[in-house]
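Inspection log for the structure reproduced underneath, given as structure tokens.
Below, read A as the first sequence line, B as the second, and so on, with proteins coming before strands; counting in each chain starts at 1. Just so it is clear, the values below take in all heavy atoms, side chains as well, and ignore hydrogens, waters and symmetry mates. Small disclaimer: the values here were computed from a predicted structure and weren't measured.
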Amino acid sequence: MLGEPKMTFGSKQELPREELEHRLDEVAERLVELYVLGISGEQLKHRIGELHTDLSRFSGWTKQELHERFIRRYLIYERFIRPALIHETDCQPIAGTPKTACFLLDLFLAKTERATIPGDLAEEFTTSILPTYGARRARLWFWTQTLRTIATRNPVCRWILVEGLARIGEWIFRQIGG
Amino acid sequence: VEGNDRLGRFEELVLLALVRLRENAYGVTIRREIAERTGRDVSFGAVYTTLERLERKGYVSSRLGDSTPERGGRAKRYFRIEAPGIRALNETREAVASMGGLVHAG
């Protein structure tokens, strides 16, 4: 379990802005970790309140600025750090599955799908594809499924794909027409 | 089943797979069922996209299940067909059957 975040900044008035920024990053990340690991809403609000008061007093940042910074850190944490933590704690890596493909799935899938879809892929890989086709073809299958899944499940990738195909279609149409 | 609520071909296949699989319908089994019975290689992404659409329409419901070692500790999401889904499926199949009748008559 993580320890309490350090909320005191010592001689804050002497700290340059960069240093304050760095400390804010640290504290925000610790807060997010505590939040994810079950700190109560009231405790979290209290900590954020302390953070706002401390930093806005000495750095001249507004509450809004601090809030935006906190939210940005939170999103980064949710997107990149938490999936990695989940991998380390709850989920064991599947032997033989391409690590990069698993990382891409965690990166591009929505939070609600990060457990189910990679789990389905891993189960199919272990129980059916690997024994039937061997390691090399099974890895290729895993990669193909990963890319197809990301292309259909990630809104940005889907948009790029559709937009790209539309552009190619337009270009072909112009070539034929012109 | 009217207008935009009409089932697409793949939606119909997914719903039929749910009917066949009953309580054991989750990503792997649904995909496998469709692949074995139709010979089509479908991606998990396509299956989940369709299931999500069907869930939005109220045709299916889902719940998180347990995890197993071969899934690396990740949970399964089980799907179940609901009454509106069964109704939509029946109406779509009746529509297809009536069109099939026209082929025989013609």
Check your understanding: Minimum heavy-atom separation for B/E12 to B/L89, with atom names?
Key -> CG-CD1, 3.7 Å
Exercise for review: Following the transitive rule for hydrophobic clusters with a side-chain heavy-atom cut-off under 4.5 Å over Ile, Leu, Val, Met, Phe, Trp and Tyr, establish whether B/L64 and B/V60 coincide in one cluster.
Suggested key: no
Review point. Does any donor atom in the side chain of A/R153 or B/T49 lie under 3.5 Å from an acceptor atom in the other side chain?
Key: yes
Exercise for review: Determine the minimum heavy-atom distance between A/Q145 and A/L121, stating which atoms define it.
Suggested key: CB-CD2, 3.3 Å
Review point. Can you tell which of A/I150, A/D120, A/T149 has the highest number of heavy-atom pairs within less than 4.5 Å of chain B?
Key: A/D120
**Study point:** Verify same cluster id: B/I86, B/L15 (apolar side-chain graph, 4.5 Å)
**Key:** yes
Check your understanding: Tell me, side chain or backbone of A/T116 under 4.5 Å from chain B's heavy atoms, or both, or neither?
Key -> both
Exercise for review: Please lay out, stage by stage, how B/R93 and B/L16 fare under the test side-chain contact (heavy atoms from CB on, under 4.5 Å).
Suggested key: CA-CA 11 Å; B/R93 294 191 71 75; B/L16 285 169; 3.4 Å; yes
Point to revise | Toward chain A: residues of residues 28-45 of chain B with heavy atoms under 4.5 Å | key: B/V28, B/R31, B/R32, B/D41, B/V42, B/S43, B/F44, B/G45
Practice item. Please lay out, stage by stage, how B/R53 and B/F10 fare under the test side-chain contact (heavy atoms from CB on, under 4.5 Å). Key: CA-CA 11 Å; B/R53 195 163 54 237; B/F10 193 62; 5.8 Å; no
**Study point:** Contact winner vs chain B - A/P118, A/S128, A/A151, A/G119, heavy-atom pairs under 4.5 Å
**Key:** A/G119
